[in-house]
There are 2 protein chains.
Amino acid sequence: MNLRDLRYFVALAETRHFGKAAERSFVSQPTLSAQIKKLETYLGVQLIERQPRKVALTETGLKILPIARRIVQESDEIVSVARNEHDPLSGKLKLGLIPTIGPYLLPVITRKLRKQLPRLKLMLYEHQTQPLLEKLRAGDLDLGILALPVPLDGLEARPLYDENFTLAVPTNSPLAKRANVKLDDLQGETLLLLEDGHCLRDQALEVCSRIDVKESEDYRATSLETLRQMVAAGLGITLLPELATRGPFGSGHGLVVKEFARPVPSRSVGAVWRKSTARTDAIKAVCDAIHSSMSS
Amino acid sequence: MNLRDLRYFVALAETRHFGKAAERSFVSQPTLSAQIKKLETYLGVQLIERQPRKVALTETGLKILPIARRIVQESDEIVSVARNEHDPLSGKLKLGLIPTIGPYLLPVITRKLRKQLPRLKLMLYEHQTQPLLEKLRAGDLDLGILALPVPLDGLEARPLYDENFTLAVPTNSPLAKRANVKLDDLQGETLLLLEDGHCLRDQALEVCSRIDVKESEDYRATSLETLRQMVAAGLGITLLPELATRGPFGSGHGLVVKEFARPVPSRSVGAVWRKSTARTDAIKAVCDAIHSSMSS
DNA sequence: GCGAGTAATAGCCAGTTCCTATCGACTAGT
DNA sequence: ACTAGTCGATAGGAACTGGCTATTACTCGC
């Protein structure tokens with residue numbers, strides 16, 4: 001059996017005329033004739049009674065007609081659903097960000113995204129790097145924004161922008177008065193860090209590996225905001241990604257943000273997605289939007 | 001698009017494995033692979049995300065899956081409806097009989113029909129010959145039982161049995177005492193007949209055309225039963241088809257039924273149906289049943 | 001009887017669907 | 001790290017299907 005045959009059958013049932021049904025189906029009359037006969041043979045039942053100058057449905061034909069009609073209708077529905085979904089820049093896209101990027105990047109890009117990709121519904125999630133990668137691979141997320149590099153297997157990555165690290169010190173720290181700070185100036189300071197699992201923790205340790213700083217042993221922050229509070233309380237210093245010091249997140253409240261002298265330590269922020277994804281267009285569009293937002 | 005493709009898609013969505021889906025669909029894996037891809041191309045949307053070792057549905061695929069499932073289900077329903085209807089000796093058959101046959105033939109054949117064609121639902125109608133033929137041609141009836149011959153255009157006929165005419169006379173008639181009657185004996189009698197439109201009326205006139213009988217001018221019966229009453233009332237004689245004199249319809253109540261001497265006048269009773277009918281099997285079965293009932 | 005109308009049949013071509021064989025990518029076990 | 005195994009994609013060829021035009025068969029109305 002075949003969708004086409006059902007269409008022919010419905011057309012014939014509605015026109016009650018082989019020629020007209022064929023015309024309406026954009027095929028020749030013999031073709032429609034043959035297909036109807038084939039359908040009847042397949043079903044093992046006569047659907048149409050061919051009276052001279054008159055086409056009548058048999059009992060069975062009458063029973064089958066409404067089902068055939070529904071099938072035809074639903075198959076059209078599939079096409080129309082597909083056509084609506086056809087726009088690659090529409091539908092849901094599940095976007096995951098790591099906690100040291102998400103809350104600071106999103107305000108910067110949402111307006112642009114809403115304007116450039118109005119039909120794309122971004123579902124936002126926040127996960128640390130490892131769970132984020134796992135959820136990407138599992139298909140729970142379509143796109144991740146995180147600090148590169150990460151182990152890519154089955155995943156594809158694209159760097160979006162470089163983000164400088166800044167130094168956050170208490171207002172009363174001697175470092176707060178310096179015009180600029182070099183890494184070496186941190187020698188002997190107490191470094192406050194996020195808890196395990198945050199990539200920023202590892203990046204800060206990496207940045208400071210060359211010099212002798214001591215990590216606060218009894219406290220590890222669960223978020224950048226608590227970390228910031230700790231610094232303001234005078235318990236130590238920390239590295240903050242530049243984006244987390246913009247606007248309302250800048251100096252003040254007992255905390256001063258200092259830029260590093262060159263070479264400025266930084267991290268690479270990028271996007272990651274499954275190689276096999278079906279959303280390459282949407283992903284590219286989102287990446288482009290973020291990239292252009294951050295490079296202007 | 002194709003029903004087969006939808007089946008493949010549903011199988012793939014359920015197994016999440018090209019190989020297994022192919023096996024379940026009784027085709028090779030490359031075939032299923034190609035058809036899925038063809039379906040995607042046709043719809044212009046990716047339905048499946050091919051991850052290594054994992055097959056996942058896209059958003060669109062998820063939306064289309066339930067529709068595809070319903071279509072597949074309904075197409076199976078068509079097949080099963082057809083299979084149920086497949087039995088040519090089941091379903092409805094609209095049977096029309098003329099008034100001078102129906103009430104007398106039916107009691108004779110219903111038991112046999114019910115036994116031999118238990119799944120055939122006979123819808124019974126009573127019409128005079130002309131309307132019966134029209135309704136046959138219009139498709140309102142599938143089969144007619146009437147007196148042959150009739151003009152057949154587009155119709156096919158089959159004689160079923162010959163039915164002798166008998167003579168009904170009042171008990172006090174001189175004819176009632178005769179051992180047997182010849183046609184010539186009717187000379188001078190008053191002949192009671194059915195109203196216009198009943199073929200029996202024409203048959204009786206035909207039978208008596210050779211001899212001089214006078215038709216009652218002021219009365220024409222609407223049914224055999226009223227005709228019988230008239231005879232019993234002594235207003236004349238009439239011809240009755242043999243079947244209408246059996247059992248409860250025989251002599252008595254002021255009326256005597258006499259058989260004719262040879263050559264016995266008779267009429268041919270037969271079946272008529274559209275050449276184009278889709279119910280030849282059922283029609284043949286009903287005809288056979290009537291024929292064997294009447295020839296035993 | 002003849003022409004118009006209508007569906008069925010015949011014969012042929014092109015596109016589709018299917019198969020087997022093989023490849024390429026990835027995984028897991030040694 | 002290498003190898004065998006799994007799994008989907010690709011290639012090439014055979015068989016089938018669906019489509020066409022031309023023609024036939026049958027009714028019907030004049």
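The figures here come from the full heavy-atom set of this structure, side chains too, leaving out hydrogens, waters and symmetry mates. So you know, we letter chains A, B, ... as the sequences are listed, proteins then strands, and number each from 1.
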Inspect the contact between [Y] and [X] and indicate whether a charged nitrogen and a carboxylate oxygen are less than 4.0 angstrom apart.
{"X": "A/D196", "Y": "A/R201", "answer": "yes"}
{"X": "A/E74", "Y": "B/R70", "answer": "yes"}
{"X": "B/D142", "Y": "B/K92", "answer": "no"}
{"X": "A/R69", "Y": "A/E14", "answer": "yes"}
{"X": "A/E49", "Y": "A/K54", "answer": "no"}
{"X": "A/D162", "Y": "A/R267", "answer": "no"}

Any idea which of [options] is nearest the [X] side chain?
{"X": "A/S33", "options": "C/dA8, C/dA7, D/dC7", "result": "C/dA8"}
{"X": "B/K37", "options": "C/dA7, D/dC20, D/dA9", "result": "D/dA9"}
{"X": "B/R50", "options": "C/dA7, C/dC19, D/dG8", "result": "D/dG8"}

[X] [atom1] - [N] [atom2] separation (whole Å):
{"X": "B/K38", "N": "C/dG15", "atom1": "NZ", "atom2": "P", "answer": "15 Å"}
{"X": "A/E23", "N": "C/dA7", "atom1": "CD", "atom2": "P", "answer": "12 Å"}
{"X": "A/R7", "N": "D/dG18", "atom1": "CZ", "atom2": "C1'", "answer": "16 Å"}
{"X": "A/I36", "N": "C/dA8", "atom1": "CD1", "atom2": "P", "answer": "9 Å"}
{"X": "B/L32", "N": "C/dT17", "atom1": "CG", "atom2": "P", "answer": "13 Å"}
{"X": "A/Q35", "N": "D/dT17", "atom1": "CD", "atom2": "P", "answer": "10 Å"}
{"X": "B/R4", "N": "C/dT17", "atom1": "CZ", "atom2": "P", "answer": "6 Å"}
{"X": "B/K20", "N": "D/dT6", "atom1": "NZ", "atom2": "P", "answer": "11 Å"}

- Starting at the 5' end of DNA chain C and moving along, which residue's nearest nucleotide shows up first, A/G19 or B/D5? A/G19
- Message: Could you work out how much the helix from C/dG1-D/dC30 to C/dT30-D/dA1 bends, comparing the axis of its first five pairs with that of its last five, to 10°?
- Response: 20°
Any N/O pairs under 3.5 Å between the protein and nucleotides 22-30 of chain D? List them or say none.
residue : atom : partner : partner atom : Å
D/dT27  : O2   : A/R53   : NH2          : 2.8

- CZ (A/R16) with more than 12 external heavy atoms under 6.0 Å: yes
- Item | Short side-chain donor-acceptor distance under 3.5 Å, A/S75 and A/R7 | yes
- Want to settle it: does A/N2 or B/R16 sit nearer the 5' end of DNA chain D, counting the closest nucleotide to each? B/R16
If only side-chain N and O atoms of [X] are considered, is one of them under 4.0 Å from the OP1 or OP2 phosphate oxygen of [N]?
{"X": "A/Y8", "N": "D/dG19", "value": "yes"}
{"X": "B/H17", "N": "D/dG8", "value": "yes"}
{"X": "B/T31", "N": "C/dC19", "value": "yes"}

- Query: Out of curiosity, A/L132 CG to A/R137 CZ, how far, rounded to the nearest 0.5 Å?
  - Reply: 10.0 Å
- Query: A/E59: what forms a salt bridge (Lys or Arg N to Asp or Glu O under 4.0 Å) with it, not counting sequence neighbours?
  - Reply: none
